[in-house]
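What you are looking at is a predicted structure, and each value in this text was computed from that prediction instead of being measured. Proteins come first, then strands; the chains are lettered A, B, ... in the order of their sequence lines, and each starts at number 1. Values reported hereafter were calculated over all heavy atoms of this structure, with side chains retained and with hydrogens, waters and symmetry mates removed.
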Protein chains: 2
Amino acid sequence: MLSEQVYAHLRDAIMRGVYAPGDALKPQDIAKEQGVSLAVVREALVRVVGEGLADRLPNRGFAVPAFSDRRWQEIAEARRTIEPVVLRMSIERGDVDWEARVRAAHHRLARTPAFVREEGEHYSSAWSEAHRVFHRTLLEGCGNPVLLETFDRMWTASELARRWAAQRDPGRDAIGEHRRLEEAALARDADTAAQVLARHLTQTAAALTGDARQADEP
Amino acid sequence: MLSEQVYAHLRDAIMRGVYAPGDALKPQDIAKEQGVSLAVVREALVRVVGEGLADRLPNRGFAVPAFSDRRWQEIAEARRTIEPVVLRMSIERGDVDWEARVRAAHHRLARTPAFVREEGEHYSSAWSEAHRVFHRTLLEGCGNPVLLETFDRMWTASELARRWAAQRDPGRDAIGEHRRLEEAALARDADTAAQVLARHLTQTAAALTGDARQADEP
DNA sequence: ATTGGACAAATAATCGATTATTGGTGCTAT
DNA sequence: ATAGCACCAATAATCGATTATTTGTCCAAT
């Protein structure tokens, strides 16, 4: 199914910043460069819109959403509201296999260099992915796919925000917080873990808007 | 934009039960009965899939998802996990306009007959809509569109579940719980409201699966 | 100078037809 | 009888071309 590939390509391009917020996503151009027909591109674009990675303006095409600071704050707040409760559930329910995966995910995250000079000011995609997997794995103990889908949606939006907001080094504190998260989770200390995560996400919100100066990353 | 109309039609048809879980959604048939081209139907179907109201099986078309009891439980649990915390936030933040809307939504819900003989065993669509609006309005005080989008997604899934699960009368207790929810919200009693909502949703979960006998609806 | 309107280019939306894949049907060889 | 294969009808996926809409530009009238 061609639309699947085009979809993956578009998603990746938008997340990598090939298109900036506000940029038009022209079906014809994309069709030509991908060597597929319009219908295929259109199908892919509709999916992208469904995921919140593009806006559709009737009779005027598709575009990368130009989110406001307010919007970024809302996304961060939503994560801050939901993720800690899911983390609690995860810690209460996670089995030994989950523990092992948390350990592995943290280990991988800690060993992956976050910042790559060659790519300019951006995080390495390897770190980005390890970061996502770590946060997701923490929640996976909850055993509820619906809650994890919710996490996935919010993470995607959050990452797009990060891409266009303060592109800063993860900082030492973030690394420390990831470690504390892992420790609290494995110690089944739901209170501490939820609190650390909430703080972690509050700092994300700050980092993504105005006062990026003194904030951590998620 | 034709796909918008076809999308709305499909969404409505699936929710109304025109298609049963497992039924194939054949682009050709739909295109013919709607008098539009395949591309349009296809676009609409992709959106429907994105909303979780259909599955897509590569090279084998679209179909209404045949969710398992387990899946319904997961959806109910996700609501039970998320909605109470959002309700707390809503009660802490809602302004007087929100209060007025809560009152109006509850008033409308209370005055709408839930059960319509003419339509067989189903809830009236008017009650369904009033019910949705009441629950949504309760949360709208939170002022966060991202959280409300999350509610919308889960509500949709939940409604589809209700449609194919125990199709029972709302029962007197549900009506009472709605009233208690309104009262607690307007009294700014977040603890009570969150607790009542959690219980309300727990009973939903029970109603949607096996032990529907002694459960309420949401 | 500015407003308004006719044109034209770009691009969005739609269509009708073509190609590819699947799943069944029935024949044949063991 | 049945395993395997060739065929075929149904339908999914894709394409190339057509139609509709928007947007910019140029000119005329005030």
Side-chain angles (χ1 to χ4, degrees), chain A residues 1-68 160 164, chain B residues 1-68 160 164:
Chain A
M1 237 168 34
L2 290 180
S3 70
E4 180 65 29
Q5 300 167 232
V6 175
Y7 162 74
H9 165 77
L10 283 174
R11 192 190 146 85
D12 188 65
I14 292 169
M15 291 298 254
R16 280 182 184 285
V18 174
Y19 302 101
D23 280 4
L25 298 164
K26 302 184 184 177
Q28 288 195 343
D29 296 354
I30 298 165
K32 185 160 278 183
E33 78 186 31
Q34 295 294 311
V36 297
S37 73
L38 270 182
V40 171
V41 173
R42 212 147 240 288
E43 236 177 70
L45 280 167
V46 169
R47 280 185 65 183
V48 169
V49 169
E51 239 186 320
L53 289 176
D55 287 340
R56 182 170 194 178
L57 313 127
N59 282 323
R60 112 180 29 173
F62 303 84
V64 178
F67 288 155
S68 59
L160 187 57
W164 292 106
Chain B
M1 236 167 36
L2 291 180
S3 70
E4 180 65 29
Q5 300 167 232
V6 175
Y7 162 74
H9 166 78
L10 284 174
R11 191 189 147 83
D12 188 64
I14 293 169
M15 292 299 257
R16 280 183 185 284
V18 174
Y19 302 101
D23 279 4
L25 298 164
K26 302 183 183 177
Q28 287 194 343
D29 295 354
I30 297 165
K32 185 161 277 183
E33 77 186 32
Q34 296 293 310
V36 295
S37 73
L38 271 182
V40 170
V41 173
R42 211 147 242 290
E43 236 177 69
L45 280 168
V46 169
R47 281 186 65 183
V48 170
V49 169
E51 240 186 319
L53 289 176
D55 286 341
R56 183 171 194 177
L57 314 127
N59 281 322
R60 155 181 339 190
F62 303 84
V64 178
F67 288 154
S68 59
L160 187 57
W164 292 106

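- Between atom CD of residue A:Gln5 and atom CD of residue A:Gln34 there is a gap of 9.0 Å, rounded to the nearest 0.5 Å.
- Annotation: the span from A:Glu51 atom CD to A:Leu10 atom CG amounts to 11.0 Å, rounded to 0.5 Å.
- Annotation: ring pair (Phe, Tyr, Trp, His ring centres under 6.0 Å) contacts of B:Phe67 (sequence neighbours excluded): B:Trp72.
- Between A:Gly17 and A:Trp164, the shortest heavy-atom contact is CA-CZ2, 3.5 Å.
- Note that CG of B:Asp12 is 9.0 Å distant from CE of B:Met15, once rounded to the nearest 0.5 Å.
- Proximity of residues 36-47 of chain B to DNA chain D (heavy atom under 4.0 angstrom from any strand atom) is restricted to B:Leu38, B:Arg42.
- Ranked by how close their nearest DNA chain D nucleotide is to the 5' end, A:Pro58 and A:Met1 are led by A:Met1.
- Nucleotide C:dT11 holds its C1' atom 12 Å from the CZ atom of A:Phe62, rounded to whole Å.
- On the nucleic acid side, DNA chain D has its first and last nucleotide under 4.0 Å of a heavy atom of chain B at D:dT11 to D:dT14, going 5' to 3'.
- Atom OG in B:Ser37 sits 9.0 Å away from atom CD in B:Glu43 (nearest 0.5 Å).
- Note that the CG atom of B:Leu25 and the CZ atom of B:Arg56 stand 12.0 Å from one another [nearest 0.5 Å].
- Atom CZ of A:Arg60 and atom CG of A:Asp55 lie 12.5 Å apart (nearest 0.5 Å).
- Distance B:Asn59 CG to C:dG23 C1': 13 Å, rounded to the nearest Å.
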